[in-house]
Amino acid sequence: MVPAGRTHLTARLSLPAPTHVVLSIAHSAGDGRPGPWYEYTAPRLHRAGIGTLLLGLLPEEERSDRHKLFDVVLLARRLETATQWLRRETGLPVGYVGSEAGAPAALRAAADDEIRAVVSLGGRPELAGPAALARVRAPTLFVVGGLDPRGAGLSRLAADWMNCRHHVTVVPGATGDLAGPGAAEAVADLIRDWFTTGRK
């Protein structure tokens with residue numbers, strides 16, 4: 001249980017040996033998993049020396065509250081508080097991976113903190129807002145499904161508001177939640193490479 005303001009968030013922390021950076025994987029999924037890509041991605045990250053904190057930004061009792069689901073300011077504040085806890089516990093640099101409502105929350109939180117890098121997976125990243133996106137300094141990768149042209153457009157809109165290094169990558173044949181043949185493998189490689197070599 002990770003303290004986050006007035007509530008506590010359920011999380012799963014995995015630290016391989018050695019760990020060079022730890023990623024807060026922020027999501028709001030009702031089933032406790034951020035998407036079909038996660039189970040394949042986490043082991044690949046761990047083998048590359050990347051730790052993970054799987055962090056649900058909404059406690060179970062809040063997941064049906066549509067207002068809180070899209071309250072980007074609230075979710076970003078929770079992520080920032082959890083990040084402070086993560087730094088105290090591990091002493092490691094922190095990066096963000098955001099999916100669903102966690103995508104704009106991660107970007108908004110990165111606007112006010114020194115984050116190693118950010119990966120936004122689908123979602124509505126433009127909800128972070130142009131002012132916050134313009135303040136982000138961490139290299140940012142937007143990953144969208146090839147079968148989700150609306151999501152691709154919204155990610156490009158968010159990217160246009162940024163002043164840091166950023167890139168939009170489309171995973172061919174993947175849906176909006178990055179499901180599809182070969183999608184999990186592609187997402188895993190993209191996240192790993194963004195945080196290890198800085199390439200997309």
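Taking 4.5 Å as the limit, every side-chain heavy atom of L9 sits out of range of all side-chain heavy atoms of M1. Using a 4.5 Å heavy-atom threshold, the side chains of L92 and V21 count as separate. Contact check for R116 versus V94: no side-chain heavy atoms found under the 4.5 Å cut-off. Taking 4.5 Å as the limit, every side-chain heavy atom of V2 sits out of range of all side-chain heavy atoms of L13. A 4.5 Å side-chain heavy-atom check between D177 and E100 finds every atom pair outside the cut-off. Residues R124 and E126 are in side-chain contact: their nearest non-hydrogen atoms beyond the backbone lie under 4.5 Å apart.
Of the possible donor and acceptor atoms, one in the side chain of W194 sits under 3.5 Å from a partner among the backbone N and O of P139. The closest donor-acceptor contact from the side chain of H166 to the backbone of C164 lies under 3.5 Å. Put simply, the side chain of T7 never gets that close to the backbone of P3: no donor and acceptor are under 3.5 Å apart. Within the 3.5 Å criterion, the main-chain N or O of I115 finds no donor-acceptor partner in the side chain of D113. Judged by distance alone, with hydrogens and angles left aside, the side-chain atoms of T140 form a donor-acceptor pair with the main-chain N or O of A138 at under 3.5 Å.
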Is there a side-chain contact (heavy atoms from CB on, under 4.5 Å) between I25 and L55? Walk through the geometry before answering. CA-CA 6 Å; I25 300 178; L55 181 68; over 6 Å; no

Give the intermediate values and the outcome of side-chain contact (heavy atoms from CB on, under 4.5 Å) for residues I191 and T41. CA-CA 8 Å; I191 295 173; T41 299; 4.0 Å; yes

Kindly indicate, with the supporting measurements, whether the criterion side-chain contact (heavy atoms from CB on, under 4.5 Å) is fulfilled by E80 and D112. CA-CA 9 Å; E80 290 169 5; D112 299 317; 3.8 Å; yes

Evaluate side-chain contact (heavy atoms from CB on, under 4.5 Å) for D189 paired with R44, printing each intermediate quantity in order. CA-CA 8 Å; D189 289 344; R44 284 199 172 190; 2.3 Å; yes

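There is a path of hydrophobic side-chain contacts, each under 4.5 Å, that joins F70 to L79. Hydrophobic clustering keeps L74 apart from V72 (ILVMFWY residues linked when any side-chain heavy atoms are closer than 4.5 Å, directly or through intermediates).
Across every non-hydrogen atom of G102 and L57, the tightest pair is CA-CD1, 4.1 Å. Counting all heavy atoms, side chain and backbone alike, H20 lies closest to P93 at O-CG, 3.4 Å. Of all heavy-atom pairs spanning A179 and A183, the tightest one is C-CB, 4.0 Å. Closest approach of P125 to F142, counting heavy atoms only: CB-CE2, 3.8 Å. Taking all atoms of both residues into account, the shortest heavy-atom contact from A76 to R108 is CB-CB, 3.9 Å. What you find for A132 and A111 is that their closest heavy atoms are O-CB, 3.2 Å.
Going from atom CG of L121 over to atom NE2 of H27 covers 12.0 Å, rounded to the nearest 0.5 Å. The line from OG1 of T169 to CG of L190 is 5.5 Å long, rounded to the nearest 0.5 Å. Here the OH atom belonging to Y38 is positioned 8.5 Å from the CG atom belonging to L45, to the nearest 0.5 angstrom. Between L133 atom CG and M162 atom CE the span is 5.5 Å, to the nearest 0.5 Å. For the atom pair CG of L75 and CG of L58, the computed distance is 5.5 Å after rounding to the nearest 0.5 Å. Separation of atoms CH2 (W85) and OG (S24) is listed at 9.0 Å; rounding is to 0.5 Å.
Side-chain contact, Y96 with T83: a donor N or O sits under 3.5 Å from an acceptor N or O.
A salt bridge is defined here as a Lys NZ or Arg NE, NH1 or NH2 lying under 4.0 Å from an Asp or Glu carboxylate O, and D71 with K68 fails to meet this definition. Classification of R78 and E62 as a salt-bridged pair holds, one side-chain N sitting under 4.0 Å from a carboxylate O.
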Would you list the atom pairs, donor with acceptor, under 3.5 Å between side chains in residues 143-158 and any protein atom, with sequence neighbours excluded?
residue: D148; atom: OD1; partner: G151; partner atom: N; Å: 3.1
residue: S155; atom: OG; partner: G151; partner atom: O; Å: 3.2

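Within a 6.0 Å radius of CD in E114, no more than 12 heavy atoms belonging to other residues, nucleotides or ligands are found.
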